[in-house]
Undergrad: 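What follows is a structure written as structure tokens; I'll ask about it next.
Per chain, numbering begins at 1; letters A, B, ... match sequence-line order. Keep in mind that the numbers below use all heavy atoms, side chains included, and drop hydrogens, waters and symmetry copies.
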Amino acid sequence: MSKGITSKNEDYSQWYNELVTKADLAEHSAVRGCMVIKPYGYSIWEKMQAALDKMFKDTGHSNAYFPLFIPKSFFSKEASHVEGFATECAVVTHYRLKNDGNGNIIVDEEAKLEEELIVRPTSETIIWNTYKGWIQSYRDLPILVNQWANVVRWEMRTRLFLRTAEFLWQEGHTAHATSEEAIEEAERMLDVYADFAENFLAVPVVKGVKTPNERFAGAVETYCIEALMQDGKALQAGTSHFLGQNFAKAFDVKFTNKEGKQDFVWATSWGVSTRLMGALIMAHSDDQGLVLPPKLAPIQVVIVPIYKGDEEFAKISGVADQLSQALKQKGISVKYDDRETQRPGFKFAEYELKGVPVRVAIGGRDLENGTVELARRDTRTKETVNRDGLAERIEDLLEEIQTNIYQKALKFREESTTEVNSYEEFKQVLDSKAGFVAAHWDGTPETEQKIKEETKATIRCIPLNNKQEEGVCIYSGKPSTQRVLFARAY
RNA sequence: CGGGGUGUAGCGUAGCCCGGUAUCGCGCCACAUUUGGGAUGUGGAGGUCGUAGGUUCGAAUCCUGCCACCCCGACCA
């Protein structure tokens, strides 16, 4: 491993790519657009899963699993849905290989599937086909199901975690008796995502709704959380959709309501993906490597011994083991790095690269003084502290770090959000400081499209509970009642 | 998918124009000395030059196809 990584100011993209590979999060695989998530990266994802899964369960949802393959005919049942996904679907056409006689393995043309199968890009169709059999009466509702799965979207251009051809995610799919209840569900799950982003990822997000242009294919309304990365580009971190009766109508899912009348079922779907890993990396990390929020760090505390000779090493290990035990009792994950093959400085650099929030170094002087050197990753500061009450102190420090990196990200977002009142100003801000640009918009898809073509900026969302104010559209000059958030986005 | 670029040991590279089986650094292995911010010395191992063909007495080098990655566009979580 070479020393250091590219500075993020020098080349943000390269900084990101190097960070992902050098911090051992993921690497490219032999398959185009697909990544291998390495153990360290996967353990962060597992922590995200655990936290989210609990939040889903706490809001009444259960996990289930639906097939990877979807009959092609299911797709054509919802017009806008098929339009949205058609261009990026992997299709299974055959079910057997054979030897061609020359030692080559080829597709057996005789083993052609009668109906081709789509590798799911999302599961609405297979799930609504299934729900049809589950729902007869209002008494069967609501259905509150989530699945953890992989999906495939044949992307032209991929980036580790941010956009890969195959990615991991969760997708919630719920069915309700009324429109109100479904909207409430979509909003509830948006709140769950925002809560997760802010309290676990330590990434502040804006909750909002998408414009029709940016809406999910098949949705009536798409809610989203938008985060801002350190390069001033926005990242959609999660979406929650109110699907209306679109899928119920496409798959003929009706129920008998309390009045004894037939009605179509109301639906939602919502998801977050391994893209959150990208958000996590780009929101906090620096030129020394990852900065992980303690709540998602696989290793929260690392202990590094600094010793001369076996005897001192043994004594330090004794102190380290004691501290490890005390920390573990508090539910803090700790690693004592007693490798004799690496020197302390090397270890310091390595754990900084991997984003371990707290480092404890114990040396000969500490043995004499009853102290340790306590270093925090977020500020890269260190101090010598007494061993008494150290576990408690570290417990507090972890919380402080969690709060600090959130506050830092929040401050950055606030400084990177600019209100503009003219198109000139709009373009100037986009090019000079980027970030979110709050501007009046006339509400038409045409204007949004023009602005996108001319500036690469899209409307990230119309914030929920947005302040209403009189104004004129920066592009068309037509009247507008509120500002929307524009940004260049991932 | 269109334009541009790259692919040589685990990583980063020289060599390619002008064909003669490969350079350097880091890392790796052994031993010794070291250990409070990426150690030093000595010795050693490791390469079908992305891949498949072609030209040639001979290909990392020339030609063609394919694969992958990076940057820019269109598309998208």
Undergrad: Can the positive tip of A/R359 be found less than 6.0 Å from the middle of the six-membered ring of A/F348, inside 45° of the ring normal?
TA: yes
Undergrad: Look at A/K456 and B/A74 and indicate whether a side-chain polar atom (N or O) is within less than 4.0 Å of OP1 or OP2.
TA: yes
Undergrad: Between B/A39, B/G38, B/C75, spot the one nearest the side chain of A/R343, thanks.
TA: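 For A/R343, the side-chain atoms sit closest to B/A39.
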Undergrad: Using a 4.0 Å heavy-atom cut-off across all strands, classify A/T274 as base, sugar-phosphate, or nothing.
TA: nothing
Undergrad: Give the rounded distance in Å between these two atoms: CD of A/E453 and C1' of B/A74.
TA: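 These atoms are roughly 11 Å apart.
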Undergrad: Using whole Å, what does the distance between atom P of nucleotide B/A77 and atom CD of A/Q170 come to?
TA: 15 Å
Undergrad: Return the value, rounded to whole Å, for the distance between atom CD of A/E383 and atom C1' of B/G36.
TA: 16 Å
Undergrad: With a 4.0 Å limit, can you tell me whether A/T122 has a side-chain N or O closer than that to the phosphate oxygens OP1/OP2 of B/A77?
TA: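 For B/A77, neither OP1 nor OP2 has a side-chain N or O of A/T122 closer than 4.0 Å.
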Undergrad: Measure CG/A/L160 against P/B/A68 and give the value in whole Å, please.
TA: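 The distance from CG of A/L160 to P of B/A68 comes to 15 Å, rounded to the nearest Å.
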Undergrad: What contact category does A/E340 fall into here, base, sugar-phosphate, or nothing, at under 4.0 angstrom with non-hydrogen atoms?
TA: nothing
Undergrad: Please determine whether a side-chain nitrogen of the Lys or Arg among A/R387 and A/D366 lies less than 4.0 Å from a carboxylate oxygen of the Asp or Glu.
TA: no
Undergrad: Taking only the side-chain heavy atoms of A/K382 (C-beta and beyond), determine which of B/G37, B/C69, B/A77 contains the nearest atom.
TA: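 For A/K382, the side-chain atoms sit closest to B/G37.
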Undergrad: According to the Watson-Crick and G-U wobble definitions, with both distances under 3.5 Å, which nucleotide is paired to B/G37?
TA: none
Undergrad: So if I take every side-chain heavy atom of A/R153 and compare against B/G36, B/U35, B/A77, which nucleotide ends up nearest?
TA: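 Shortest atom-to-atom distance from the side chain points to B/A77.
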Undergrad: Which nucleotide in the set B/G38, B/U35, B/C76 lies at the smallest distance from any side-chain heavy atom of A/P344?
TA: B/U35
Undergrad: I'd like to know if A/E446 and A/K450 make a salt bridge, using a cut-off of under 4.0 Å between side-chain N and carboxylate O.
TA: no
Undergrad: Has A/K354 got its NZ or CZ under 6.0 Å from the middle of the six-membered ring of A/Y40, at an angle within 45 degrees of the ring axis?
TA: yes
Undergrad: Record whether the side chain of A/E352 comes under 3.5 Å of the base of B/G37 through a donor-acceptor pair of N or O atoms.
TA: yes
Undergrad: Salt-bridged, A/R380 to A/E352, with N to O below 4.0 Å?
TA: yes
Undergrad: Mapping A/A237 and A/R380 to their closest nucleotides on RNA chain B, which lands nearer the 5' end?
TA: A/R380
Undergrad: With a non-hydrogen cut-off below 4.0 angstrom, is A/S273 in contact with a base, only sugar-phosphate, or nothing?
TA: base
Undergrad: Just how far, in rounded Å, is C1' of B/A77 from CE of A/M48?
TA: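 For the pair A/M48 CE and B/A77 C1', the rounded distance is 14 Å.
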Undergrad: Over how many whole Å does the gap from A/R120 atom CZ to B/A77 atom P extend?
TA: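 Rounded to whole Å, this separation is 18 Å.
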Undergrad: Counting the atoms with a prime plus P, OP1 and OP2 as sugar-phosphate, which does A/F167 contact under 4.0 Å by heavy atoms, base, sugar-phosphate, or nothing?
TA: base
Undergrad: In Watson-Crick or G-U wobble terms, both distances under 3.5 Å, what is the partner of B/U51?
TA: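 Partner of B/U51: B/G65.
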Undergrad: If you assign each of A/E155 and A/I306 to its closest nucleotide in RNA chain B, which residue comes earlier from the 5' end?
TA: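 Taking each residue's closest nucleotide, the earlier one in sequence belongs to A/I306.
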Undergrad: Any chance CD of A/E46 has more than 12 other-residue heavy atoms, nucleotides or ligands included, within less than 6.0 Å?
TA: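 Correct, the count exceeds 12.
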Undergrad: Do the side chains of A/R215 and A/E448 get close enough for a salt bridge, i.e. N-O under 4.0 angstrom?
TA: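 So A/R215 does not pair with A/E448 through a salt bridge.
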Undergrad: Think A/R32 has a side-chain N or O under 4.0 angstrom from the OP1 or OP2 of B/A68?
TA: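 For B/A68, OP1/OP2 do have a side-chain N/O of A/R32 under 4.0 Å.
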Undergrad: Once you apply a heavy-atom cut-off of 4.0 Å, does A/G364 come out as touching a base, just sugar-phosphate, or nothing?
TA: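 Counting heavy atoms under 4.0 Å across all strands, the contact made by A/G364 includes a base.
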Undergrad: Mind checking who B/C17 pairs with, Watson-Crick or G-U wobble, both distances under 3.5 Å?
TA: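 Its partner is none (no Watson-Crick or G-U wobble pair with both distances under 3.5 Å).
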Undergrad: Tell me which nucleotide, if any, is Watson-Crick or G-U wobble paired with B/U56 when both distances must be under 3.5 Å.
TA: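 Partner of B/U56: none found under 3.5 Å.
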Undergrad: Kindly say if A/R159 contacts the phosphate of B/C69, meaning a side-chain N or O under 4.0 Å from OP1 or OP2.
TA: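 Negative; the distance criterion is not met.
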Undergrad: Write down the partner of B/G12 under the Watson-Crick or G-U wobble criteria, each distance required to be under 3.5 Å.
TA: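 B/G12 is paired, partner B/C24.
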Undergrad: With sugar-phosphate meaning primed atoms plus P, OP1 and OP2, does A/T164 contact a base, only sugar-phosphate, or nothing at under 4.0 Å between heavy atoms?
TA: base
Undergrad: What is the nucleic acid contact for A/G33, judged by heavy atoms within less than 4.0 Å: base, sugar-phosphate only, or nothing?
TA: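 Touches sugar-phosphate only.
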